[in-house]
S.K.: 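Here it is: the structure, laid out below.
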There are 2 protein chains.
Amino acid sequence: MSMHDKILEAAEARLRSGGYGAVSFRDLASDVGVKSASVHYHFPRKEDLGVAVVTAYTEKVFEALGMAMQARTPRDRLAGYIGVFRHALVEEDAICLCAMLGAEARGLPHQVAEAVRVFFQANIDWLDEALANASRKPKSAEIIAALEGAMLLANTMDSIAVFEDVADGLLSRTE
Amino acid sequence: MSMHDKILEAAEARLRSGGYGAVSFRDLASDVGVKSASVHYHFPRKEDLGVAVVTAYTEKVFEALGMAMQARTPRDRLAGYIGVFRHALVEEDAICLCAMLGAEARGLPHQVAEAVRVFFQANIDWLDEALANASRKPKSAEIIAALEGAMLLANTMDSIAVFEDVADGLLSRTE
DNA sequence: GTCTATAATTTGATAGAC
DNA sequence: GTCTATCAAATTATAGAC
């Protein structure tokens, strides 16, 4: 993997566990085995790094969602959508990057906050399309809010039970 | 108001907009019109301040919830509960303190993270009691997750519509 | 691309006068 | 309780050698 991508990966991990203020160039440099000046070579300002991480994260999520869109029924597509979030929470043991940055939105550089908005709008659009044929369903923004909130609570209480309850509730209201 | 409480108030506002890393003793001192050494007099370490803010916030929320518990039906009690969160979002123009700190939980001093856990557990207990007689209702943790997620999304997208949609959905599933 | 070196600022925290 | 003064460390960021 390129140094550019290694830095993005390390920055995503630190952002998702501690937030924007908890990421420093020196820590990232140490994570990937270089000096902080080298991190600045790849991402001149912290804001540049923030935007790049959110953009890369968005692309990664929507690549995974591409397969989920292929499912035959609206409910199966929603199940695939939920699965992407579950994987982020359980396998990567962290909340969604944009749950963290969305919470901090008012205190972020404008371009970073804007990238987070783009992520959520793209999620709304994806769900609108995936569930277009459903006869019964929550609004797209409701689904996203429920899952992001579930991640947040599961993260704090260190229990994924609430996530599964929310997932079951969403699926039972969709057909 | 005492200086102690003024500092708590300023710290809550800064925590809710930017997170733990966005709060500094100097900024708080400037907010309340003293020097940073005076803030340290009231709260020796940042961790002490963090715990105190979460504790005071919890008491404030549960004082408001006291009245909501008096309502006659489970649905009315849930409506009162939702109203406390709506007030925080709309009138104070910020997400719930514990949505922010819950997101950052993994990167917080342990005692601060523990205080956030206490807040959420108390919310679960409150809802369990308030909705004990309901014939049909979401699980308590589902309700909290839905509302916290709705605040997060409303905060990011700068629109309270999603919060109202989530609130309506919760009330319609409760009786 | 990565390094050393460093600038300029901010941060959490303390000592001691008043 | 609040202040001045200060410290040690950390932070974002840049200049210039290799």
Side-chain angles (χ1 to χ4, degrees), chain A residues 1-56 100-101 104-115, chain B residues 1-56 100-101 104-115:
Chain A
M1 197 187 324
S2 70
M3 181 54 63
H4 182 97
D5 288 354
K6 273 201 237 182
I7 294 168
L8 282 180
E9 194 175 81
E12 184 196 311
R14 286 193 179 267
L15 278 170
R16 286 172 70 179
S17 87
Y20 194 78
V23 175
S24 84
F25 282 78
R26 271 180 179 72
D27 287 342
L28 291 177
S30 168
D31 288 344
V32 302
V34 297
K35 297 297 179 180
S36 70
S38 301
V39 179
H40 277 286
Y41 167 80
H42 292 282
F43 305 96
R45 295 165 306 156
K46 190 174 179 179
E47 180 176 347
D48 301 322
L49 176 60
V51 171
V53 173
V54 176
T55 303
M100 177 69 78
L101 297 183
E104 297 176 324
R106 302 278 168 107
L108 293 177
H110 289 157
Q111 294 200 329
V112 180
E114 180 56 30
Chain B
M1 197 187 323
S2 70
M3 181 52 64
H4 182 97
D5 289 353
K6 273 201 236 181
I7 294 167
L8 282 181
E9 195 175 83
E12 184 196 311
R14 285 194 181 266
L15 278 170
R16 288 172 68 179
S17 85
Y20 195 78
V23 174
S24 85
F25 281 80
R26 275 176 180 74
D27 287 342
L28 290 177
S30 168
D31 289 343
V32 302
V34 296
K35 296 297 179 180
S36 72
S38 300
V39 179
H40 277 286
Y41 167 80
H42 292 282
F43 305 96
R45 296 164 307 156
K46 190 173 181 180
E47 180 176 346
D48 302 320
L49 176 60
V51 172
V53 172
V54 176
T55 304
M100 177 69 78
L101 297 182
E104 298 176 323
R106 301 279 169 106
L108 293 177
H110 289 156
Q111 294 200 328
V112 180
E114 180 56 29

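These numbers come from a predicted model, not from an experiment. So that the names make sense, note that chain A is the first sequence line, chain B the second, and so on, each numbered from 1.
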S.K.: Quickly work out the Leu49(B) CG to dT11(C) C1' distance and round it to whole Å.
M.R.: 14 Å
S.K.: Could you tell me whether the phosphate oxygens of dG1(C), OP1 or OP2, come under 4.0 Å of any side-chain nitrogen or oxygen in His4(A)?
M.R.: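 False: His4(A) side-chain N/O out of range (4.0 Å or more) of dG1(C) OP1/OP2.
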S.K.: Using whole Å, what does the distance between atom P of nucleotide dG12(C) and atom NZ of Lys35(B) come to?
M.R.: 16 Å
S.K.: So, for Ser17(B) and Arg106(A), which heavy atoms are closest and what is the spacing to 0.1 Å?
M.R.: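 For Ser17(B) and Arg106(A), the tightest heavy-atom pair comes out as O-CB, 3.8 Å.
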S.K.: Out of Ile7(B), Val51(B), Leu28(B), Val53(B), which one pairs with Phe43(B) under the side chain to side chain contact (heavy atoms under 4.5 Å, CB included) rule?
M.R.: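 Going through the options one by one, the only one that passes is Ile7(B).
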S.K.: Hey, is the side chain of Ser38(B) poking within less than 4.0 Å of OP1 or OP2 on dG1(D), counting only N and O atoms?
M.R.: no
S.K.: Hey, is CD on Gln111(B) packed in by over 12 heavy atoms from elsewhere, all under 6.0 Å?
M.R.: no
S.K.: For Lys35(A) and Ala29(A), which heavy atoms make the closest approach, and how far apart are they?
M.R.: C-CB, 3.4 Å
S.K.: Are side-chain heavy atoms of Leu15(A) and Met100(A) found at a separation under 4.5 Å?
M.R.: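 Counting from C-beta outward, Leu15(A) and Met100(A) never come under 4.5 Å.
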S.K.: Whole angstrom is fine here: how far is it from OH in Tyr41(A) over to P in dC3(C)?
M.R.: 13 Å
S.K.: Would you classify Val23(B) as touching base, sugar-phosphate or nothing, given that sugar-phosphate means primed atoms plus P, OP1 and OP2, and contacts are heavy atoms under 4.0 Å?
M.R.: sugar-phosphate
S.K.: Rounded to whole Å, how long is the line connecting atom CG of Leu28(A) with atom C1' of dT12(D)?
M.R.: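 Leu28(A) atom CG is separated from dT12(D) atom C1' by 12 Å.
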S.K.: Between the protein and nucleotides 13-15 of chain C, which nitrogen or oxygen pairs are less than 3.5 angstrom apart?
M.R.:
residue : atom : partner  : partner atom : Å
dA13(C) : OP2  : Lys46(B) : N            : 2.8
dA13(C) : N7   : His40(B) : NE2          : 3.1

S.K.: Taking the side chain from Lys6(B) and the backbone from Gly33(B), do they hold a donor-acceptor pair closer than 3.5 Å?
M.R.: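 Flag not set: sc Lys6(B) to bb Gly33(B) has no pair under 3.5 Å.
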S.K.: Please determine if a side-chain N or O atom of Ser24(A) lies less than 4.0 Å away from the OP1 or OP2 oxygen of dT11(D).
M.R.: yes
